[in-house]
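Just the heavy atoms: all of them, side chains too, but no hydrogens, waters or symmetry mates, feed the values below.
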Amino acid sequence: MRFGVETVAVGIGAFLALLGAAFARDSQFEAHMWVLFFVLLVSVVVMLRTATFKTAGTKQADTSGYFDEVVKYGAVATMFWGIVGFLVGVVVAAQLAFPDLNIEPWFNFGRMRPLHTSAVIFAFGGNALLATSFYVVQRTTRARLWGGNAAWFVFWGYQLFIVMAATGYLLGITQSREYAEPEWYVDLWLTVVWVVYLLVFLATLIKRKEPHIYVANWFYLAFIVTIAMLHVVNNLAVPVTFLGAKSYSAFAGVQDALTQWWYGHNAVGFFLTAGFLGMMYYFIPKQVGRPVYSYRLSIIHFWSLIFLYIWAGPHHLHYTALPDWAQTLGMVFSIMLWMPSWGGMINGLMTLSGAWDKIRTDPIVRMMVISVAFYGMSTFEGPVMSIKAVNSLSHYTDWTIGHVHSGALGWVGMISFGAIYYLVPKLWHRRRLYSLRLINWHFWLATLGIVVYAAVMWVAGIQQGLMWREYDTQGFLVFSFAESSAAMKPYYILRLVGGFMYLAGGLVMGFNIVMTILGREREEAPIPGSQPVTQPAE
């Protein structure tokens with residue numbers, strides 16, 4: 001039976017989840033185990049309905065070529081979770097502008113906000129990294145993914161993590177740690193999945209037929225290894241009971257804060273930066289048909305980024321109980337990060353040398369170029385915001401929100417969109433995408449959405465910071481916190497508009513991708529300049 005062992009394993013998991021629900025020590029854990037039970041039960045039914053049995057005449061599956069089926073699923077999951085994450089983002093933006101939209105208890109801002117961040121970072125971004133890393137490592141090593149069905153385990157195991165994390169947030173199950181909200185049992189499951197991911201990627205590199213390890217694989221491997229270390233250390237915790245949702249961190253006080261922001265900043269540095277730089281170093285040269293501008297610069301970029309990023313976390317804790325030397329250390333390393341970050345940006349942009357016309361004629365290249373531009377802007381703004389004098393104004397304000405979104409939507413989102421646009425026609429063997437002009441629509445909706453969002457949040461954040469530290473002649477605060485919050489309403493409404501534009505672009509892309517997979521091609525005039533103009537001989 002095909003996937004026979006896997007089906008039995010999922011069935012055992014469903015039974016254990018049922019036992020967990022029956023003997024749970026608290027209502028939250030019970031509800032979460034019922035969610036897990038029904039998810040696994042549906043999975044067993046689907047696997048049984050699609051099962052095939054081997055007979056004497058059954059042909060063995062062809063394992064001589066690349067294992068692209070899992071990449072196909074990853075591309076579809078990336079688009080699906082992206083739209084979900086953008087939609088939840090629009091909802092939470094609306095909740096801030098119009099508080100009556102908070103629906104207690106499951107759909108209030110406090111529970112929806114981590115759902116949004118995790119959906120965009122780990123569901124959308126994580127699936128983009130899974131799909132592209134599996135695709136890139138096979139092409140650059142000329143080897144099939146190692147481990148047989150292990151890649152399927154990584155993909156479906158990661159989807160289970162996403163579902164459990166998301167439903168846990170809505171149920172109020174959280175560690176209250178930024179980017180690390182899932183409780184101990186969900187963290188343990190992700191650890192298992194991530195170790196298998198590392199084994200698949202590393203073993204594929206080891207059995208490569210190409211002697212050289214291309215630099216994109218360096219970034220992917222650094223992302224996988226470092227995230228594993230960050231995840232394990234930051235989530236060290238002692239559960240109150242093995243049949244309950246609550247656990248207590250192994251760290252306390254200022255050590256707990258430092259550990260969390262060592263994790264939090266490096267989740268940005270390695271999940272949202274290093275992994276997507278691997279994407280940049282493969283897909284931009286492929287799309288423009290040019291080699292990487294400077295391979296030597298890419299190596300310098302890699303090692304300097306890897307060394308410097310890991311030290312920058314303390315800049316999130318300026319003016320706290322953290323020792324002043326540690327705060328200064330984080331600030332100095334953050335400022336130093338500007339140089340390697342811009343080295344990567346320059347390398348990505350200069351790869352277009354000799355092919356700059358493609359920005360005008362190829363909307364996928366345009367999307368990739370704007371992503372690198374946002375990467376450069378965000379990696380300049382981040383070091384500036386880490387400077388203590390600037391941080392005293394910007395921290396805890398909406399300026400930080402604007403910074404994070406310009407990086408997440410501009411850099412991570414745009415490079416992921418470009419990679420998916422590149423992958424889908426090749427994976428499904430289509431002549432071209434359904435519509436190139438719809439990519440133009442997506443590009444402008446997304447770009448204008450980010451610009452509106454980030455610009456509005458910059459202004460809102462500076463106004464917030466100034467209002468919070470405005471004192472009168474007697475040393476009393478001029479504005480109450482409620483007054484500063486009320487002043488934000490026009491900005492929050494404009495942010496909602498920007499977020500909705502970005503969501504609309506995602507929906508346009510989703511339609512374009514679905515129609516491409518179905519094999520449709522839209523009849524449309526070619527983009528001006530994309531085809532050579534023939535002129536009569538003189």
Between Met509 and Ile513, is a side chain to side chain contact (heavy atoms under 4.5 Å, CB included) present by the stated rule, with each step listed?
CA-CA 6 Å; Met509 180 180 184; Ile513 294 301; 4.1 Å; yes
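By the 30° and 60° cut-offs, the orientation of the rings of Tyr295 relative to Tyr214 is tilted. Taking the six-membered ring for Trp and thresholds of 30 and 60 degrees, Trp152 and Tyr73 have ring planes more than 60 degrees apart, a perpendicular arrangement. Between His265 and Tyr309, the two ring planes are tilted [angle within 30° to 60°]. Ring geometry for Tyr281 against His301 counts as tilted: the plane angle lies between 30° and 60°, on a 0 to 90° scale.
Here Phe201 and Trp218 keep their ring centres 6.0 angstrom or further from each other. Taking the six-membered ring for Trp and the full ring otherwise, the centers of Phe443 and Phe417 sit at least 6.0 Å from each other.
Taking 4.0 Å as the cut-off between side-chain N and carboxylate O, Asp68 and Lys426 do not count as a salt-bridged pair. A salt bridge is defined here as a Lys NZ or Arg NE, NH1 or NH2 lying under 4.0 Å from an Asp or Glu carboxylate O, and Arg144 with Glu69 fails to meet this definition.
Contacts of Phe333 classified as ring pair (Phe, Tyr, Trp, His ring centres under 6.0 Å), with partners at least two apart in sequence or in another chain: Trp311. The side-chain hydrogen bond (donor to acceptor under 3.5 Å, both in side chains) test applied to Arg366 returns Asn440, not counting sequence neighbours.
Of the options Leu277, Val372, Val292, Ile284, a side-chain contact (heavy atoms from CB on, under 4.5 Å) to Asn347 is made by Val292 and by none of the others.
Residue pairs meeting the side-chain hydrogen bond (donor to acceptor under 3.5 Å, both in side chains) criterion with at least one member in residues 330-342, sequence neighbours excluded: His315-Ser334.
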